[in-house]
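Here the structure is laid out as structure tokens; the discussion comes afterwards.
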There are 2 protein chains.
Amino acid sequence: MASDLSEKQQSILRFLEEFIAEHDYPPSIRDIQSGCDISSTSVVDYNLKRLEEKGYIRRDREVSRAIELLNGQGERRRRTLQVPVLGKIAAGLPLPVYPDTMAPLEVIDLTEDMTSGRTGNFYALRVQGTSMIDALINDGDLVILEPRETADPGDVVAAWIVDREETTLKKYYPEGKQVRLQPMNATMDPIYEDATNVRVQGRLVGTIRSF
Amino acid sequence: MASDLSEKQQSILRFLEEFIAEHDYPPSIRDIQSGCDISSTSVVDYNLKRLEEKGYIRRDREVSRAIELLNGQGERRRRTLQVPVLGKIAAGLPLPVYPDTMAPLEVIDLTEDMTSGRTGNFYALRVQGTSMIDALINDGDLVILEPRETADPGDVVAAWIVDREETTLKKYYPEGKQVRLQPMNATMDPIYEDATNVRVQGRLVGTIRSF
DNA sequence: TTCCGAACAGAACATTTGTGCCGTGATTTG
DNA sequence: CAAATCACGGCACAAATGTTCTGTTCGGAA
């Protein structure tokens, strides 16, 4: 990529990234001029127009420092999602239903690399206990969930098993009146439950563990 | 938190977050004025000064739109680390030593929530195979590593077991001439190796799994 | 009451900053 | 070759924008 850019344009892009990383606000035309050793503001303007045409940046006209970095296909990048940590998850507890207005315990910043590029109304729960070890999820891990009451085959879901009164995290495969729940640990056998005995509470988007 | 802020200051902070999330560049004083229904630019300036004193923002004087959001303790926030994905990790392969100049296969954006606030010269590896299932790490997971050749007791390390010719991810406890390597799965027993048989190759910072 | 400081209002002022215009040289195109 | 296009340089201008200055209001302390 970036082979459709002149050397000066690449230099400007690099400068933009560095400047924004350092200051958290974009540079002015003249900042770019001196930062990239360009002789005139009009040259900077000229190349910024080319970069905008090619989908690497977006500018708001007439607004100072209004340069937004894009990914080269005209899409926004570096967007972070603020995901609220609403509580904890444990085998013996159903996922509580949290009111939208509930104040989160904590908010974590996720990048789209963590959600496979998907966006949605995610929330996070802290795993308590080792009961989900069969899902390769440990005590203290953070699970990212998308609230849902249905799931597509193959989705990893948080499901409440009614008669056992427990929450489990497994791959979801509806099979007629039954549901096959496949542990993520491939060496383990699936369990089968009657469809009426399984309540999907959310779709698992990802898990995070830090040491 | 945020109880040391007046209502107007909280309103300004919220507006700043929304504006930056939407535009990727900060608002001008007058943007804040109209966005928060404030009567005068000087009132905005006044409250921005208070916010700066209290460590919620940082401003560069005389530079337009130069407002950077801080976390309330004067620390930068929302900083993302660009972590290169340098290759893959599998039980039967030692961690290759990657030259600093090597072009990464891919770069992922991480927030500090993913690294427990630590920063460093991290890199990431994609896990191949299920051989690390005992470390609760699955095929396809991403492990974040900090290159190190020594470790403190209790660190989770990537270690090369010389005579077995395999890489393992375990908690590291030096015990005299021996090293106790404790699986992360608490139900599993540790293994003991001669210290000369264990080569620490990196410290595990975190793992990420997305579905 | 008086005093004082926090918070606000309004307007003028000085920079900062994007933009437009005119021109030049190199390269490409017909 | 002539014309068009691209990339650039220099400069002036107008708009955007942060700053400052002078007051005003209001509540609490002395």
Self-check item: Under 3.5 Å: donor-acceptor pair, side chain of B:N47, backbone of B:V44
Solution: no
Practice problem: Sorted by first residue and then second, give each salt bridge (charged side-chain N to carboxylate O under 4.0 Å, His left out) pair with at least one member in residues 119-137 of chain A; sequence neighbours left out. | Solution: A:E106-A:R126, A:D134-A:K170
Quiz item: Taking only residues two or more places apart in sequence or in another chain, which ones pass ring-ring contact (aromatic ring centres under 6.0 Å, His included) with B:F15?
Solution: B:F19
Quiz item: Given atom CG of B:D37 and atom C1' of C:dA7, what is their separation to the nearest angstrom?
Solution: 17 Å
Quiz item: Atom CG in A:L136, atom CG in B:N138: separation rounded to 0.5 Å?
Solution: 5.0 Å
Quiz prompt | Residues forming a side-chain contact (heavy atoms from CB on, under 4.5 Å) with B:R59, sequence neighbours excluded | solution = B:I29, B:D45, B:L48, B:K49, B:E52, B:I57, B:I67
Quiz item: Judged by modelled atom types alone, do A:R199 and A:Q201 share a side-chain donor-acceptor pair under 3.5 Å?
Solution: no
Practice problem: If a protein heavy atom is under 4.0 Å from the base, mark B; if only from the sugar-phosphate, S; if neither, -; do that for nucleotides 10-20 of chain C going 5' to 3'. | Solution: BB----SBBBB
Quiz item: Under the salt bridge (charged side-chain N to carboxylate O under 4.0 Å, His left out) rule, what pairs show up with a residue in residues 28-37 of chain B, not counting sequence neighbours?
Solution: B:D31-B:R65
Practice problem: Please report, rounded to the nearest Å, how far the P atom of C:dA6 is from the NZ atom of B:K54. | Solution: 11 Å
Considering only nitrogen or oxygen atoms on both sides, find all protein atoms under 3.5 Å from nucleotides 3-7 of chain D and state each distance.
unit_1, atom_1, unit_2, atom_2, d
D:dA7, OP2, A:Y46, OH, 2.5
D:dA7, O5', A:Y46, OH, 3.4

Exercise. Let me know the distance between OH of A:Y25 and C1' of D:dT17, rounded to the nearest Å.
Key: 14 Å
Exercise. Before accepting this row, confirm whether a basic side-chain N of the pair B:R14/B:E17 lies closer than 4.0 Å to the acidic partner's carboxylate O.
Key: no
